[in-house]
Protein chains: 2
Amino acid sequence: MNKDIEKEYLEKAEIFKALAHPTRLFIIHTVKDKKLSVKELSELVGIDISTMSKHLDILKKHKIIKGEKVKNFIYYHLEIPCILDFMSCANKVINKK
Amino acid sequence: MNKDIEKEYLEKAEIFKALAHPTRLFIIHTVKDKKLSVKELSELVGIDISTMSKHLDILKKHKIIKGEKVKNFIYYHLEIPCILDFMSCANKVINKK
DNA sequence: TTTGTATTTGGCGAAATTACAAAATAGACT
DNA sequence: AGTCTATTTTGTAATTTCGCCAAATACAAA
């Protein structure tokens, strides 16, 4: 495979990897219309705060979500809404089984 | 998190996982308009046939691609074209950086 | 400056992913 | 049946991912 093409698919695969975790999908759905802090999100999911912080970091690095600091808290919200369109296709895949 | 919701996100994450590999993204793009065998695909990418077979199996299990047997060969083609729509959003994510 | 709360980072073990090589299957063709 | 080719399965090693805990930071408020 061509080197440039290979790099392109590698880059795209990184994005899918960022989405390929139930907690991170939950985050995306949850912060699409509310802004929530790390602590609030970790309590909603029921995992350690440090684990949640790492999940958020992965989404942040890909600029899928963005955090804004308000007082002591960092409130996260969705930056790339088109990601939600993925889900309707994902549902088609699920319903195929 | 609610058990049903948890299961839903787990199921969706499985699909993203299936897509989260450069070789599998290459497969999807390549079999969207041509039908190719395992051997042909492995040669195009430059990986072992057994490795390619496993990648195809992952996509097959999710019914993202489908194989049809013709003589000695199994030709694969894309079953869920809406997956391609994912890519335009993925490009938006990439261009954000 | 000290306290208290929110978030991030580092370490570690368990589990999952990936690749190749070798062996096992499947089936077309003689 | 026997051969040849395509595909799948098994075994194994290297790498990555994930979750918790503990320690480190960040910073608002007292």
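Throughout, protein chains are lettered first and strands after them, A, B, ... in sequence-line order, and every chain is numbered starting at 1.
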Please report the C-alpha distance between A:Lys7 and A:Glu11 in whole Å, then the side-chain angles of each, then the deciding distance to 0.1 Å, and finally whether the salt bridge (charged side-chain N to carboxylate O under 4.0 Å, His left out) criterion is met. CA-CA 6 Å; A:Lys7 194 176 173 185; A:Glu11 215 169 0; over 6 Å; no

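Side-chain atoms of A:Lys17 lie closest to D:dT17 of the nucleotides D:dC27, D:dT17, D:dC18. Checking D:dC18, C:dT7, D:dC20 against the side-chain heavy atoms of A:His21 singles out D:dC18 as nearest. Listed nucleotides: C:dT8, D:dC21, C:dC20. Nearest to the side chain of B:Asp48: C:dC20. Checking C:dC29, C:dA19, D:dC18 against every side-chain atom of B:Lys71, the shortest atom distance belongs to C:dC29.
If you measure from atom NZ of A:Lys39 to atom C1' of C:dT8, you get 16 Å, rounded to the nearest angstrom. A:Glu40 places its CD atom 16 Å from the P atom of C:dT5, with the value rounded to the nearest Å. Atom pair A:Phe73:CZ and D:dA28:P shows a separation of 12 Å (rounding to whole Å applied). For the pair B:His55 NE2 and C:dT17 P, the computed distance is 12 Å after rounding to whole Å. When the C1' atom of D:dT5 is taken as reference, atom CG of B:Asn72 falls 6 Å away, rounded to whole Å. Atom CD of A:Glu68 is separated from atom P of C:dT7 by 13 Å (rounded to the nearest Å). What separates CG of B:Leu59 from P of C:dT17 is a distance of 14 Å, to the nearest Å. Nucleotide C:dA6 holds its P atom 14 Å from the CG atom of A:Leu41, rounded to whole Å.
A donor-acceptor contact under 3.5 Å links the side chain of A:Lys54 to the base of C:dG11.
Among the protein residues, A:Leu56 comes within range of no part of the nucleic acid, since none of its heavy atoms lies under 4.0 Å from any strand. Using a 4.0 Å heavy-atom distance criterion, A:Tyr76 is classed as a sugar-phosphate-only contact. Residue A:Ser50 is classed as a base contact, given a heavy-atom separation below 4.0 Å to a base.
For the pair A:Lys69 and A:Ile58, nearest-nucleotide mapping onto DNA chain D gives the more 5' position to A:Ile58.
More than 12 heavy atoms of other residues, nucleotides or ligands shown are found within 6.0 angstrom of NZ on A:Lys60. For A:Lys32, the NZ atom sits in a packed shell: over 12 heavy atoms of surrounding residues, nucleotides or ligands are nearer than 6.0 Å.
Residues A:Leu19 and A:Ile64 meet the side-chain proximity criterion, which asks for heavy atoms closer than 4.5 Å.
Contact between the side-chain N/O atoms of B:Lys60 and the OP1/OP2 oxygens of D:dT8 is found at a separation under 4.0 Å. Side-chain nitrogen and oxygen atoms of A:Ser53 include at least one within less than 4.0 Å of the OP1 or OP2 phosphate oxygen of C:dT8. Regarding contacts with the backbone of C:dC20, a side-chain N or O of B:Thr51 is found under 4.0 angstrom from either OP1 or OP2.
Aromatic ring pairs are classed by plane angle as parallel below 30°, tilted from 30° to 60° and perpendicular above 60°; the pair B:Tyr9 and A:Phe26 is perpendicular.
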